[in-house]
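Structure first, then comments.
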Amino acid sequence: MPELAEVERYRQLAETLIGRTVQSVVARDAWFLKRGLTPRAARTALTGRRLDAVRRVGKLLVIETDDGAGPNLGLRFGMSGRLVVDGRASIDDLVYEAASESERRRSRAERETSRASNRPVTAWDRFALRFEEGGDVRLRDPRRLGGVELDPDETALGPDALHATTADVRRAIEGSRAPLKARLMDQRRVAGIGNLAADELLWRAGLDPARPARSLTPDESRRLAHHIRRTLADLISRGGSHMGDLMPAREAGAVCPKDGTPLVRRTVGGRTTFSCPTHQR
DNA sequence: ATTGTGGCCTGCCCGC
DNA sequence: TGCGGGCAGGCCACAA
């Protein structure tokens, strides 16, 4: 499910849509349309448009139309949203399943049954575009926490985490006594860090998620910026946010893969957080 | 303004 | 087998 790494995969998948022309808009779930958008307005705005660029800003996917003359289509995936292009989900599913020994040993049928949210169930397709050239793109979201909007306000997002500089990170955390992790996950400060990536990169950086953001030394901020970029790039190349080195230990009773210390599970910034009390200070 | 909390919506998994 | 509770990778409105 979608953090930056997943949305980056969706972006790559969506590149195959470039050059296609919207034949029809399927927006049966009005609740899924945001900022006052209605099914009728979406149909009017998008039908006949050619898709000509796909960008990712943090966890937001932006599809541009008609060389800037048409509206931008903004897709958000919430916690359970997936992008399906021409009937294919993005390959992060495959990587994820292949990575699990137990999953691999099981039959495809069993896997399909147990991982119901991956099945091609059209009831969960909340929004779709069909193309004159054939094929379609669908936003499949069982929990309906994602959404679709036109011309999303990208200025509300901070610099993209994948390319965050030390200066970006310092700006994001300076002066704040909120937990470091909460600040990193504030999309207005830095865009794209989700709960799993936050745990992973703070674990790699050796920083306590609960530390007041402003307590970092200049050297720690630099180290943090490095690990933000490095971790996200790693997660993208490995195929998903669940591919981090800390992830296997993200369960009750697990120990730190670095030093064997029992991990601490708590809520930080309102989110379940795993960290190592020994090497994360 | 900043920070913390609750809620949104749905599905899955565990324990009884 | 059925049922209730707790959980989930995001985000927004709200209160202090």
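Only a predicted model underlies this, so the values are computations on that prediction, with no experimental measurement involved. Proteins come first, then strands; the chains are lettered A, B, ... in the order of their sequence lines, and each starts at number 1.
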Item to complete: Indicate yes or no: at least one non-hydrogen side-chain atom of A/Arg229 is less than 4.5 angstrom from one of A/Leu162.
Response: no
Fill in: Spacing between A/Arg271 atom CZ and C/dA8 atom P, to the nearest angstrom
8 Å
Item to complete: Report, as yes or no, whether the 6.0 Å neighbourhood of atom CZ on A/Arg266 holds more than 12 heavy atoms from other residues, nucleotides or ligands.
Response: yes
Fill in: Secondary-structure string, 5' to 3', Watson-Crick or G-U under 3.5 Å, | for another-strand partners, for DNA chain B
.|||||||.|||||||
Worksheet item: If you find the nucleotide of DNA chain B closest to A/Gly269 and the one closest to A/Arg189, which residue's nucleotide is nearer the 5' end?
Response: A/Arg189
Worksheet item: Only one of A/Arg265, A/Lys181, A/Arg250 clears side-chain hydrogen bond (donor to acceptor under 3.5 Å, both in side chains) with A/Thr273; which?
Response: A/Lys181
Practice prompt. Calculate the interatomic distance between A/Leu4 atom CG and C/dG10 atom C1'; express it in whole Å.
Written response: 13 Å
Fill in: Side-chain N,O (A/Thr272) to OP1/OP2 (C/dA8) below 4.0 Å
yes
Worksheet item: Within the pair A/Trp31 and B/dC8, is there a side-chain N or O less than 4.0 Å away from OP1 or OP2?
Response: no
Item to complete: Take the protein atom CE of A/Met185 and the nucleotide atom P of B/dT3, then report the distance between them rounded to whole Å.
Response: 15 Å
Item to complete: Could you tell me whether the phosphate oxygens of C/dC11, OP1 or OP2, come under 4.0 Å of any side-chain nitrogen or oxygen in A/Lys59?
Response: yes
Discussion item. Can you measure A/Lys181 atom NZ to C/dG10 atom C1' for me and round it to whole angstrom units?
Written reply: 13 Å
Practice prompt. Tell me whether the OP1 or OP2 atom of C/dG10 has a side-chain N or O from A/Arg143 closer than 4.0 Å.
Written response: no
Worksheet item: Any side-chain N or O of A/Arg126 less than 4.0 Å from the OP1 or OP2 oxygen of B/dC9?
Response: no
Practice prompt. Mind checking A/Arg265 for me? I need base, sugar-phosphate or nothing, with any heavy atom below 4.0 Å counting as a touch.
Written response: sugar-phosphate
Item to complete: Ignoring backbone atoms, establish whether A/Ser176 has a side-chain N or O less than 4.0 Å from OP1 or OP2 of B/dT3.
Response: yes
Worksheet item: Which one, B/dT10, C/dA8, B/dG4, comes nearest to the side chain of A/Trp124?
Response: B/dT10
